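Reviewing the structure listed below.
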Amino acid sequence: MRALLFLLLPLVMFGCTKNKLAKFNTRIVGSWQLVEINTFGLGSSNIVFNGGSFTFNSDNTARYYDRNNNSYTGTWYIDAYVYTDDDGDSETDFILSVDVKDGSKMKFDRFEIPRFGNSNRFKAKVRNGLNVVTYVFERR
């Protein structure tokens, strides 16, 4: 019985993560305005997207419009990484990656869409050493 439990546990864990990713994917599909960029910490900030808007399509294609309304196409995806500390406690971070053809590539290492309530706003963070840049998006 114990052996069966250990065999099924990874399948259940993978299924839960996959299910969570599907929920995030459906929530992010649509048009989003980059409304705020905040920096915190020491060192320089590498701000890749400085304003503009994004459209995330259900087929994982993306379009980015910069502040001058120039349009760039690309792709996006969401992935999950499970981190386990020395005490065995684990935490799942959801990662949003955006790659548009103007050469801008961004992997947001912390992606936060509220699970309940207002899903018309989300935050994505990028850590660079002791510096964190937080991008705030609102649905258009």
Side-chain angles (χ1 to χ4, degrees):
M1 183 68 165
R2 227 183 224 181
L4 181 61
L5 179 64
F6 286 116
L7 288 174
L8 292 177
L9 187 59
L11 292 174
V12 171
M13 289 174 59
F14 176 75
C16 292
T17 301
K18 187 176 180 182
N19 189 29
K20 286 181 184 178
L21 290 177
K23 289 179 184 178
F24 278 116
N25 282 345
T26 57
R27 285 185 177 184
I28 195 172
V29 169
S31 296
W32 298 87
Q33 184 72 36
L34 181 54
V35 295
E36 219 176 290
I37 301 171
N38 300 310
T39 60
F40 178 78
L42 302 173
S44 62
S45 301
N46 181 19
I47 298 176
V48 175
F49 299 112
N50 190 10
S53 64
F54 291 83
T55 300
F56 300 110
N57 300 308
S58 60
D59 64 355
N60 291 89
T61 58
R63 185 171 295 275
Y64 168 62
Y65 297 91
D66 65 15
R67 287 181 166 196
N68 298 320
N69 212 29
N70 296 313
S71 174
Y72 304 95
T73 59
T75 58
W76 69 275
Y77 70 91
I78 297 176
D79 206 349
Y81 294 95
V82 178
Y83 300 96
T84 304
D85 64 16
D86 294 337
D87 296 329
D89 297 325
S90 63
E91 179 180 329
T92 303
D93 279 346
F94 295 95
I95 312 300
L96 169 64
S97 293
V98 179
D99 181 1
V100 294
K101 292 189 175 149
D102 73 336
S104 297
K105 292 183 181 185
M106 177 64 71
K107 185 174 275 193
F108 297 101
D109 55 13
R110 185 118 186 152
F111 170 62
E112 304 167 359
I113 289 183
R115 289 186 171 88
F116 303 102
N118 184 5
S119 61
N120 292 323
R121 184 176 173 97
F122 76 89
K123 294 179 183 178
K125 297 181 181 182
V126 178
R127 288 177 179 78
N128 181 19
L130 298 175
N131 188 281
V132 178
V133 178
T134 302
Y135 295 83
V136 181
F137 297 84
E138 286 184 353
R139 192 174 295 277
R140 293 178 59 180

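Since the structure is predicted, the reported quantities are computational estimates derived from the model, not experimental observations. When a residue number appears, it is its place in the shown sequence, counting from 1.
Atoms CD and CH2, from Glu138 and Trp32 in turn, are 9.0 Å apart once rounded to the nearest 0.5 Å. Atom OG1 of Thr134 and atom NZ of Lys123 lie 7.0 Å apart (nearest 0.5 Å).
Side chain of Asp66 to main chain of Asn68: a donor-acceptor pair is present (N/O by atom type, distance under 3.5 Å, no hydrogens or angles). Gln33 contributes no side-chain N or O that, together with a main-chain N or O of Arg139, makes up a donor-acceptor pair within less than 3.5 Å. No donor-acceptor pair closer than 3.5 Å links the side chain of Asp87 to the backbone N or O of Asp89. Using a distance-only test at 3.5 Å, with no hydrogens or angles considered, no donor-acceptor pair links the side chain of Asn57 to the main chain of Asp59.
When every heavy atom of Thr84 is checked against every heavy atom of Ser90, the shortest pair comes out as OG1-CB, 3.6 Å. Residue Arg67 comes nearest to Asn50 through the heavy atom pair NE-O, 2.9 Å, listed as atom of the first residue, atom of the second, then distance. The nearest pair of heavy atoms linking Arg121 to Glu36 is NH2-OE1, 3.6 Å. Between Phe56 and Ala62, the closest heavy-atom pair is CD2-CB, 4.2 Å. Taking all atoms of both residues into account, the shortest heavy-atom contact from Val29 to Trp76 is CG2-CZ2, 4.2 Å. Scanning both residues, Arg140 and Ser53, for their nearest heavy atoms gives NH1-OG, 2.9 Å.
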- Chi angles and distances behind the side chain to side chain contact (heavy atoms under 4.5 Å, CB included) call for Thr75, Asn60: CA-CA 6 Å; Thr75 58; Asn60 291 89; 5.6 Å; no
- Task: In sequence, state the C-alpha distance, the side-chain angles, and the governing distance for Ile28 and Ile78, and then conclude on side chain to side chain contact (heavy atoms under 4.5 Å, CB included).
- Result: CA-CA 10 Å; Ile28 195 172; Ile78 297 176; 4.1 Å; yes
- Task: Please test Val98 against Phe49 for side chain to side chain contact (heavy atoms under 4.5 Å, CB included), starting from the C-alpha separation and ending with a verdict.
- Result: CA-CA 10 Å; Val98 179; Phe49 299 112; 4.2 Å; yes
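Ring to ring, Tyr72 and Tyr65 are not that close: their centroids are 6.0 angstrom or more apart.
Cluster annotation: Ile37 is connected to Val126 through the hydrophobic network of ILVMFWY side chains, with a link wherever side-chain heavy atoms come within less than 4.5 Å.
Counted by atom type alone, Ser31 and Thr55 present one or more donor-acceptor pairs between their side chains at under 3.5 Å.
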